[in-house]
Structures are given as structure tokens and as C-alpha cells.
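On a predicted model such as this, the values are computed, not experimentally measured, just so you know. In what follows, chains carry the letters A, B, and so on, assigned in the order in which the sequence lines appear, proteins first and then strands, with residues in each chain numbered from 1.
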Amino acid sequence: MSEAPSLQGLNPEQKTAVLHERGPLLVLAGAGSGKTRVITHRLARLVETGVDPRTIVAVTFTNKAAEEMRERARKLLGGRPLLSFVGTFHSFALRFLRRNAAAAGLAPRFSIADSADQLSLVKEAMDELGLSEQVFTPGAVRSRISHAKNALLTAQAFADSQTDYAGERIGRVFLLYERKLAAAGALDFDDLIVRPVRLLRSRPDLLAAERARVRHLLIDEYQDTNTVQDALVKLLGERAESLCAVGDEDQAIYRWRGAEVEHILRFDEDFPGARIVPLERNYRSTAGILDAASGLVANNRRRRRKTLVADRGSGPRVRLWRFDEDRSEAEAVARALAERSEPGEVAILYRTNAQSRPFEEELVRRRIPYVVVGGMKFYERAEVKDALAYLRLAGRPDDDLAFRRVVNVPARGIGKTTLDQLAKAARERGVSWWQVSGEPPPGLTERARTALSRFRALVSDLAARAETESPSALLEHLLEATGYSALYHGSEEREDVARRENLEELVSSAREFERRSGEDATLAEYLDSVSLATDADAAAGGRGVTLSTLHAAKGLEFPAVFVVGLEEGYLPHGQSGEDEDELEEERRLLYVGMTRAKDELTLSLAARRLVYGRVQPRMESRFVSEIPRESVDERTFFASRPAFVTTHVAPEDESQEVDLPGTGELKRGRRVRHPRYGYGVILAQEGSGDETRLTVYFDRAGKKKFVARYADLTPA
DNA sequence: CTGCTTCACCTTTTT
DNA sequence: GGTGAAGCAG
């Protein structure tokens with residue numbers, strides 16, 4: 001008699017966690033210890049033992065993780081479709097709000113403001129309150145608002161509790177921001193979780209109903225829950241038949257977003273009688289890699305002591321490569337990975353998105369395929385957002401955020417003056433822009449009126465079609481009808497071609513959505529899914545090298561990993577401050593990166609690097625010295641030639657020019673720009689100091705001579 | 001009103 | 001190096 005699929009291939013601890021029947025369970029899953037395995041098997045097990053799958057809710061932090069979990073659980077169940085909810089906190093909460101919109105006091109078709117929308121609302125509020133952006137940046141204010149919301153403070157409560165000047169101002173922005181959001185009929189990401197918590201707390205009847213729907217709860221990445229998410233888990237988990245939280249405090253990397261490790265450290269106090277199952281056997285990495293990573297993270301104080309035991313053999317030591325400059329780092333990494341037969345087995349991980357560039361260039365040069373995770377996201381591109389804004393308007397013309405985004409895209413003669421008047425009227429009358437545009441304020445020109453009424457006719461038509469047409473068909477139609485396609489039609493500009501491709505991609509993604517969700521895929525559902533989509537699930541581990549931030553790499557694994565840019569300023573990041581909590585988070589971030597590696601791990605850094613287009617000296621990260629020496633194999637690659645290779649003078653001249661630091665910007669071979677003549681390259685230099693004369697060859701204007709101190713030349 | 005040019009500021013990390 | 005806001009000419 002063989003075991004059920006859900007129990008196969010599990011070690012005793014994993015099995016304990018999967019079989020746990022009633023009440024709270026905390027699985028402390030060290031890196032590579034089979035966390036996803038436990039949670040998916042547990043999900044399958046519950047279904048197998050006869051639990052109604054619709055009463056099981058599994059929550060993850062990313063769509064990607066949700067997708068994977070659903071897929072793996074489905075396989076374990078013999079391919080039957082899984083009726084349980086598997087998704088992110090945000091999508092779970094959104095569904096709840098859609099079901100209970102009226103009770104929550106929300107417009108039935110409320111929309112979701114993304115981070116860009118949030119930022120513009122904050123800016124607007126600050127403008128109206130006459131707050132100079134010098135004092136607080138809108139970004140900082142938004143972050144304060146977000147933190148307040150995640151601490152379950154209302155705008156009023158926040159404002160009332162402020163005593164100092166800055167706090168009091170921010171409180172006023174917060175209040176106005178909330179008013180604007182409400183006027184637009186929108187919720188921000190934080191609201192998606194905050195609102196359900198409020199509602200469930202104030203309405204025992206709804207809480208009871210929701211508890212009846214959710215009998216078994218599984219939460220992944222518990223170390224990254226913030227206060228509101230934790231509150232939601234408590235509301236639903238306390239009375240559930242089972243609650244299973246899985247996490248690892250050593251991989252907590254979202255403190256900056258309000259996550260608190262305390263939630264996982266305190267789990268057994270919050271849920272008395274909780275069973276705790278540690279998973280301490282690492283199946284992923286070879287021992288050398290694990291020793292190095294464990295040695296590093298052992299420097300953190302706020303953690304439960306634990307030992308991860310390597311299940312695999314020793315393997316090679318971790319390589320530490322030091323370079324003179326960033327280009328050599330990129331070259332060496334690309335060369336090393338070119339030796340591997342399968343690019344899909346390699347990942348390059350870095351702290352900030354901007355660091356991908358030199359590696360991308362190097363990979364392109366060598367024709368090695370690669371995938372950048374995150375980065376400039378598909379759904380954040382202007383043309384995609386514009387098209388979606390039209391779609392939102394079709395669903396709900398009162399969507400102010402969407403209205404304002406596209407009312408004049410493509411340009412139809414509705415300019416700033418007109419919009420200012422509309423804004424004012426909308427505020428005074430307390431109605432949406434759509435409504436104002438139907439009865440425009442008297443001050444408008446005839447031209448503006450005509451333009452507005454044509455726009456209204458367009459939107460009305462789209463709204464009518466939305467009743468019958470599928471999202472993808474509507475999308476295709478509106479791109480033509482709005483004149484949006486025509487904007488980029490026929491152009492051979494790189495950018496325009498890319499835009500057309502993105503719009504095509506958007507239409508196919510809508511089709512894909514319809515295919516997956518069957519006949520009755522509604523526009524609203526499509527818009528919801530898009531609002532919560534992040535990177536177009538550019539799933540890693542495909543056919544190319546994976547380039548990713550350390551954050552986005554969590555949960556992934558690769559045979560070979562390069563963690564690059566191990567320098568002060570990146571790791572720890574310059575913005576992260578010196579306090580112990582923040583340093584510990586940065587250390588965990590590196591730990592997460594290192595533990596992604598199965599067979600080979602390379603850490604690298606450079607002594608000089610181009611930052612914002614300027615060469616900057618870099619210092620080795622303090623974390624490097626915290627990694628146990630015996631597990632590291634160090635090498636230094638400093639080229640014998642002086643550093644600072646500048647642009648080549650001409651394609652046929654491969655000799656590299658040298659520009660020593662501190663000797664001025666304008667040297668032979670340097671690429672420069674002149675306000676009148678455009679781009680060129682310095683051919684010759686005579687004299688020195690104020691007398692320096694330069695001969696420049698311009699791409700367009702040919703050869704010119706200048707006295708350096710008068711010529712307005714800038715390095716290009 | 002539009003489209004072009006210039007200039008400041010930028011960068012953590014993401015649902 | 002790149003982007004978005006502001007400023008200016010048509």
C-alpha cells in the first residue's frame with residue numbers, strides 16, 4: 001500500500017507539518033528546507049482528506065508564488081482543478097471587498113490606485129495646501145501615509161496625534177489625499193487590506209460569515225506580514241480549524257514596507273498552544289555555500305537561534321572576486337557564465353534595479369539570452385496605462401484617475417487651462433470629472449466645449465460596448481476609436497515600434513485572461529487582475545540568464561548564482577541608515593541572495609563604478625568580512641593598465657584612452673556635447689589650464705576648435 | 001494648445 | 001545615464 005501523493009517524498013518534520021490537524025501551526029522553514037513543498041503538500045492533503053476545498057485559503061506575497069503553489073498542488077491531486085483560493089493577500093482582500101462593497105461603503109466598481117496614482121494625488125494635495133516640495137518630497141509623504149495606514153491609523157487619527165510642524169502638515173496632506181481618493185472612487189494598495197480589517201472588526205455578522213468561508217488558512221512568508229496583514233490573519237485564523245504559517249525570520253526583507261519580524265517571533269504568544277515545527281535540513285545548497293551564508297546571518301541578533309544542516313555534499317567554496325571597475329566585473333561574470341551550457345541555470349543578483357545595465361550590455365554583446373525580473377514593468381509603461389485607463393473609463397466613467405489620464409491623450413485640444421477649470425468645478429460641486437464634463441463650467445471656450453463633448457461621446461460608446469464585448473475586443477476597438485493607435489502608426493522610431501508591440505502584447509494578455517477564466521470573463525475581473533499584476537510574470541528560470549534584484553529573487557533557486565556589487569552603499573544600501581535593525585535587514589538580504597545558489601556561488605565587487613554617469617570610488621561591503629574565511633576562495637582581478645577606459649576614438653582604433661581621476665573631464669578621446677554643434681569627440685588638446693585649446697570632431701558639424709574655458713562643452 | 005528643449009533630481013527594495 | 005517637470009517658441 002503506497003502513501004498518498006501528498007505524503008510522498010517528505011522528511012519526518014515536513015510530514016509532521018503536513019499532517020498537523022487542528023489549531024495553529026508555525027513552520028520555521030530555513031532557506032532551502034522545503035517550505036513550498038510543505039505548504040503545497042499540506043494544501044493537497046487537506047483536500048485529499050475530504051475538506052471542502054472552497055474553505056481552504058492559501059495566501060502568498062506574490063502572484064508568481066501563488067501560481068506555482070496552485071500548479072504544484074493541482075499536480076499532487078492528480079490534475080483536478082483546485083477550487084481553493086490561492087493568491088496574494090491583496091487579491092484575497094480585494095475579493096472580499098468586491099463581495100462586501102456596499103457594507104464597506106464603497107462604490108460598487110471602485111478602482112485601485114497604483115503607486116503612480118498615489119504619488120500624483122499626494123502631489124496634488126501638497127500643491128493645494130501650498131506645501132513646498134522642498135520640505136517633504138511627495139515620496140516621503142506617501143511613505144508616511146502608507147505606514148500610518150499599515151498601523152491601522154485613520155487619516156483623522158493620524159492628524160490628531162501629530163504635534164510637530166512636519167507631522168501636522170503631513171496629517172493635512174493625508175486627510176486631503178483620502179478625500180481625493182474617495183472622490184475618485186479608488187482605493188490604494190494599503191486600503192485593500194485595511195478596509196476588510198476595519199469592516200470585519202466592526203461587523204460581527206460579516207466576521208462570522210467570513211470565518212465560515214475560511215476554515216483552513218495557510219500563510220506563506222509569514223515573516224513579511226505587516227501589522228494589518230497580521231490583524232487579518234488573526235481575525236480569520238483564531239477560529240479556523242487550522243492555521244498554518246510558514247516563514248523564516250532570517251529571510252525577512254520587507255521591514256521598509258511595514259513588515260515586522262515580531263509577528264513570526266511572537267506567533268506562539270498570539271496563538272496560544274501553537275505547534276512549532278522547525279525545518280532545519282537544507283536540500284538546496286552545497287555545504288560551502290550554506291556555511292558562508294549561515295556564518296553571515298549569524299551576525300544578526302534579532303533571530304531565533306538555529307542551525308541549518310546541509311543535506312548535500314561539500315561542493316566548491318564560495319568565490320569572492322574583486323575588480324578594479326564595474327566593466328571588468330560585468331565582463332568576468334559574463335565570461336564565467338558563458339562557459340556554462342545552460343544560461344537558464346544562472347542568476348545575477350543585485351541590490352537595485354539600476355545595477356542590471358552593465359550586465360545586460362555584456363550579455364547582449366555575447367549574445368547570451370537573459371530575462372530581467374521586474375525592472376521597467378510592463379503594466380507601468382505609459383501606453384499600457386493609457387489603454388487601461390480607457391478600459392477603466394468604459395467600465396466606470398466616473399473613474400477620475402482614468403479620466404484625467406486620457407482625457408487629452410491623444411491630444412484633442414483639452415489643455416491645462418480647461419483641465420484646471422474642470423478640476424475646480426469638480427471640487428466645488430463634489431462630483432466626478434465625468435459629471436462636470438457633462439455640464440462644463442461657463443468659463444470654457446467653445447473649442448474646449450466641443451472637444452469635451454466629443455470625448456464624452458467616445459467614452460459613452462465605449463461604455464455601451466463594454467456591456468456586450470469581451471475585454472480584449474473592447475481593447476482592440478478602443479485603440480482604434482480613440483485614435484491611440486494612430487499616434488504610433490507607421491513610425492519606424494524604436495520607441496514607437498516598442499509601444500505598438502506593448503499594446504499588442506496587452507491585447508493578447510487580455511485574450512489569455514479570457515481563455516483562462518472562461519466564457520464569462522468580465523471587464524471588472526480583468527481590470528482587477530491587471531491592477532494586482534506586477535511584473536508580467538516574467539517567470540525566472542526560463543531560457544536565459546536571470547537578472548534580478550535580491551528582493552525579487554526570494555523563493556527562487558539556481559545552480560549558479562552571482563551576487564554582484566558587494567559594496568558599501570549597495571549592501572548595506574546607502575539609504576538604509578546605520579541603525580542595527582536596518583543593517584540586519586540588509587544582511588538578511590544578502591543572506592537571501594546567497595542561499596538561492598545550489599552548486600556555485602560567486603560574490604563580486606568593484607573598486608570603482610559608474611554611478612549616475614560619474615565614476616565613483618567604492619568600498620568593500622562590511623558584510624564580506626563577516627563571511628567565514630574558510631568557506632571563501634578570494635581572487636583579485638586588477639587590470640595592469642590604468643583604470644578608466646573611456647570611449648573609443650574611432651571604431652577602427654581599438655587602443656583605449658586613459659583618463660586618470662581628477663585630471664579634468666576634457667581629454668583626447670572623450671565624447672562631448674556642445675549646445676550648438678551637438679555630439680562630438682575630442683581629437684586634440686593643446687596647452688593647459690585656462691589656455692587649453694581643444695579640437696573637436698562633431699558628428700554633424702565636422703571639425704571645430706575651441707578655447708576650453710569658453711566653450712560650453714560637457715562630457716557626453 | 002502643442003511640441004520641443006532644458007534642467008533638476010534621481011534610486012532602494014514591491015503588493 | 002535617464003526621466004519627468006517646467007519653460008518657451010510657434
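- Comparing A:Arg412 and A:Tyr612 by the nucleotide of DNA chain B whose heavy atom lies nearest to each, the residue mapping closer to the 5' end is A:Arg412.
- For A:His551, the side-chain contact (heavy atoms from CB on, under 4.5 Å) criterion is met by A:Ile253, A:Tyr254, A:Trp256, A:Arg351, A:Thr549, A:Leu589, not counting sequence neighbours.
- With a cut-off of 3.5 Å on both pairing distances, the Watson-Crick and G-U wobble pairs of DNA chain B assemble into stems of 3 or more at B:1-9 with C:2-10.
- The phosphate of B:dC1 (OP1 or OP2) has a side-chain N or O of A:Thr417 nearer than 4.0 angstrom.
- With P as the reference atom, C:dG4 and B:dT13 are 15 Å apart, rounded to whole Å.
- Between C:dA5, B:dT15, B:dT11, one nucleotide has an atom nearer to the side chain of A:Thr88 than all others, and that is B:dT15.
- Checked against salt bridge (Lys or Arg N to Asp or Glu O under 4.0 Å), A:Asp117 has no partners two or more places apart in sequence or in another chain.
- Taking atom P in both B:dT11 and C:dA6, one finds a spacing of 16 Å when rounded to whole Å.
- Taking 4.0 Å as the cut-off between side-chain N and carboxylate O, A:Glu67 and A:Lys64 do not count as a salt-bridged pair.
- Taking A:Asp581 as the reference, A:Arg255, A:Arg302, A:Asp579 meet the side-chain contact (heavy atoms from CB on, under 4.5 Å) condition, with sequence neighbours excluded.
- With A:Gln251 as the partner, the side-chain contact (heavy atoms from CB on, under 4.5 Å) test is satisfied by one option alone out of A:Asp224, A:Val592, A:Val297: A:Val592.
- Remark: A:Arg99 pairs with A:Glu210 by the salt bridge (Lys or Arg N to Asp or Glu O under 4.0 Å) rule, at least two apart or across chains.
- Looking at residues 254-264 of chain A, you'll see A:Tyr254, A:Trp256, A:Arg257 sit with a heavy atom under 4.0 Å from some atom of DNA chain B.
- Look at A:Asn353 and you'll find a side-chain N or O under 4.0 angstrom from OP1 or OP2 of B:dT13.
- Partners of A:Asp220 under the side-chain contact (heavy atoms from CB on, under 4.5 Å) rule, at least two apart in sequence or in another chain, are A:Lys35, A:Ile39, A:Thr60, A:Met69, A:Val246.
- The nearest heavy atom of DNA chain B to A:Thr418 and to A:Leu589 marks one nucleotide each, and the one closer to the 5' end goes with A:Thr418.
- The listed nucleotides are C:dA5, B:dC1, C:dG2; the one nearest the side chain of A:Arg357 is C:dG2.
- Remark: A:Asn63 is not in phosphate contact with B:dT14, judged by side-chain N or O atoms under 4.0 Å from OP1 or OP2.
- Centre separation under 5.5 Å together with a plane angle under 30° does not hold for the ring of A:Phe61 and the six-membered base ring of B:dT15, so they are not marked as stacked.
- At the heavy-atom level, A:Asp190 lies nowhere under 4.0 Å from the strands shown.
- Distances shorter than 4.0 Å separate none of the side-chain N or O atoms of A:Ser115 from OP1 or OP2 on B:dT14.
- A:Glu249 pairs by the side-chain hydrogen bond (donor to acceptor under 3.5 Å, both in side chains) definition with nothing, not counting sequence neighbours.
- Under the side-chain contact (heavy atoms from CB on, under 4.5 Å) criterion, A:Ser531 pairs with A:Ile112, not counting sequence neighbours.
- Residue A:Asn150 places none of its side-chain N or O atoms closer than 4.0 Å to OP1 or OP2 of B:dT15.
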